[in-house]
Protein chains: 2
Amino acid sequence: MTETPAKRRGRPRAYDPDLALAKATEIFWAQGFAGASLDDLSAATGMNRPSLYGAFGDKQTLFKSALDRYMDRSRAAMIEAFRGGGSLREVLTRIYHTALSFYLSEDFGGRGCFLASAGLGQALVDDEVRQTVADGMHELDRGIEGLLQRRQARGELPPTVDPIALGRVASMMMNALSVRARAGETREQLEATIPVMVGLICGSPVPEPQASE
Amino acid sequence: MTETPAKRRGRPRAYDPDLALAKATEIFWAQGFAGASLDDLSAATGMNRPSLYGAFGDKQTLFKSALDRYMDRSRAAMIEAFRGGGSLREVLTRIYHTALSFYLSEDFGGRGCFLASAGLGQALVDDEVRQTVADGMHELDRGIEGLLQRRQARGELPPTVDPIALGRVASMMMNALSVRARAGETREQLEATIPVMVGLICGSPVPEPQASE
DNA sequence: TTATTTTTATGCGAAACAGTATGAAAAAGC
DNA sequence: GCTTTTTCATACTGTTTCGCATAAAAATAA
């Protein structure tokens, strides 16, 4: 669908819009909205100022496009992580690892979640951004809550726990990973916390050989 | 010590340095380093530009002073929360409530932890800031780890758990509260997660009559 | 009163900033 | 080959930014 359906009429554009948006996202991610100048964005995307403006509108609109693109990407990755089978323990572990794969970058070092970093950096200045970020986080909350509900029904969680309250906290732990990633903690340090978090959610040491079911 | 020891010689300053730093902190907190202009800071502090410069140096230095002041204040509040007696459950609850008292503001709405918000906003641009923030968080990590170690020795935690790993995650939950506060969640929503978090750390519903061992 | 010291007030200046106008370049249509 | 359409490249405009220079104001000291 995205491939050129017919030969476009005028001069062909010299950039790939999605790649450019990805590069712009990286600048916002590292420097925040206010800290990213149009010169920075222009240099990173390889587009000059008027092309940027023509393609994405002004800086605010570009930022919101970056936010939307990130949410689409991370949503897709999370759906993938939810889908794969395995025990609740395994699914949660996969979810946290997926989150970390977004928060840690080879080239830029730890930068955290784009929503929690660049997004929330603007939260007190632009309420639309704040709302978008909040919605994104709550969407993930509901995903994990649903997961815990289903797994509780299968007996993977004790019937006494509240899967909604627990799911929300499990979701919040990703926010904690984001903060620590941006604070510079290493992949090893962060990955070491995952089994601890999963253990807290699922019941500590090992599900126990669980011959019961 | 801080009171005027003798009559100062020249024209008296028209501002209270610490109050001015507090006001500047609020601007950085809401708008970030790059988003806060010297005009904003000047208006908030009531100091004109040259006075600001004379008192705190340039914008970077002012920001780092704000960071230091925040760390001093929050450290003091946390020491207080650690000191008061009570069960581990009670102490942890008090610690989380103390954290929330910093993250939520009457006038500005939820703004999160200054370290995690304004501080980490600069983390990828200014490595000294990143290191300061990381150190601050790790100091709190060690505090909670020590608390759990002592309480485990008193039998308030099962001997099987690793108090270091658990303490680190307990500390990270404050980072999660910070993110959600800044995302606009209400005090009620945030406070509702505290007993869930404390329950995860201490052993869920109530330490349970725990007849098993 | 007069001199000295310290802070405030006005406002300057160079640089960076966001956004745009103008014209050249590169493709398709005829 | 010429026109039309779309994008690129240069450069401009007006504003905002940060930091500081200069001079007035307000206190003490002599």
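To find a chain, count down the sequence lines: A is the first, B the second, and so on, and within it residues start at 1.
- Partners of A:F56 according to the ring pair (Phe, Tyr, Trp, His ring centres under 6.0 Å) rule, which considers only residues two or more places apart in sequence or in another chain, do not exist here.
- In this structure B:E26 satisfies the side chain to side chain donor-acceptor pair (under 3.5 Å) test with no other residue, sequence neighbours excluded.
- Look at B:D18 and B:R73 and you find a salt bridge, because one of the NZ, NE, NH1 or NH2 atoms lies within 4.0 Å of a carboxylate O, short of that distance.
- A salt bridge is absent between B:E156 and B:R89; no separation between the charged side-chain nitrogens and carboxylate oxygens falls under 4.0 Å.
- Among residues two or more places apart in sequence or in another chain, the side chain to side chain contact (heavy atoms under 4.5 Å, CB included) test is passed with A:A34 by B:A34.
- Rounded to whole Å, the distance from CG on A:D39 to P on C:dA16 is 9 Å.
- A salt bridge links B:R168 to A:E185: one of the charged nitrogens lies within less than 4.0 Å of a carboxylate oxygen.
- Reading DNA chain D from its 5' end, the first and the last nucleotide to sit under 4.0 Å from a heavy atom of chain A are D:dT4 to D:dT10.
- Between B:F114 and B:Y70, the ring planes lie tilted relative to each other; the angle falls in the 30° to 60° range.
- Other residues, nucleotides and ligands contribute more than 12 heavy atoms inside 6.0 Å of the CD atom of A:Q131.
- By the 4.0 Å N-to-carboxylate-O rule, A:D72 lies close enough to A:R75 to be salt-bridged with it.
- The nearest whole Å value for the distance from the OH atom in A:Y53 to the P atom in C:dC17 is 18 Å.
- A heavy atom closer than 4.0 Å to some atom of DNA chain D occurs in no member of residues 21-37 of chain A.
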* Asked: Is there a salt bridge (charged side-chain N to carboxylate O under 4.0 Å, His left out) between A:R130 and A:D135 once you walk through the steps?
  -> CA-CA 9 Å; A:R130 205 218 83 240; A:D135 289 347; over 6 Å; no
Just the atom pairs and distances: protein N or O near nucleotides 5-11 of chain C's N or O, under 3.5 Å.
| unit_1 | atom_1 | unit_2 | atom_2 | d |
| --- | --- | --- | --- | --- |
| C:dT6 | O3' | B:R8 | NH2 | 3.4 |
| C:dT6 | O2 | B:R11 | N | 3.0 |
| C:dT7 | OP1 | B:R8 | NH2 | 3.1 |
| C:dT7 | OP1 | B:R13 | NH2 | 3.1 |
| C:dT7 | O4' | B:R11 | O | 3.2 |
| C:dT8 | OP1 | B:A14 | N | 2.8 |
| C:dT8 | OP2 | B:S51 | OG | 2.8 |
| C:dT8 | O3' | B:R11 | NH2 | 3.4 |
| C:dA9 | OP2 | B:N48 | ND2 | 3.2 |

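- Nucleotide C:dG19 holds its C1' atom 13 Å from the CG atom of A:L62, rounded to whole Å.
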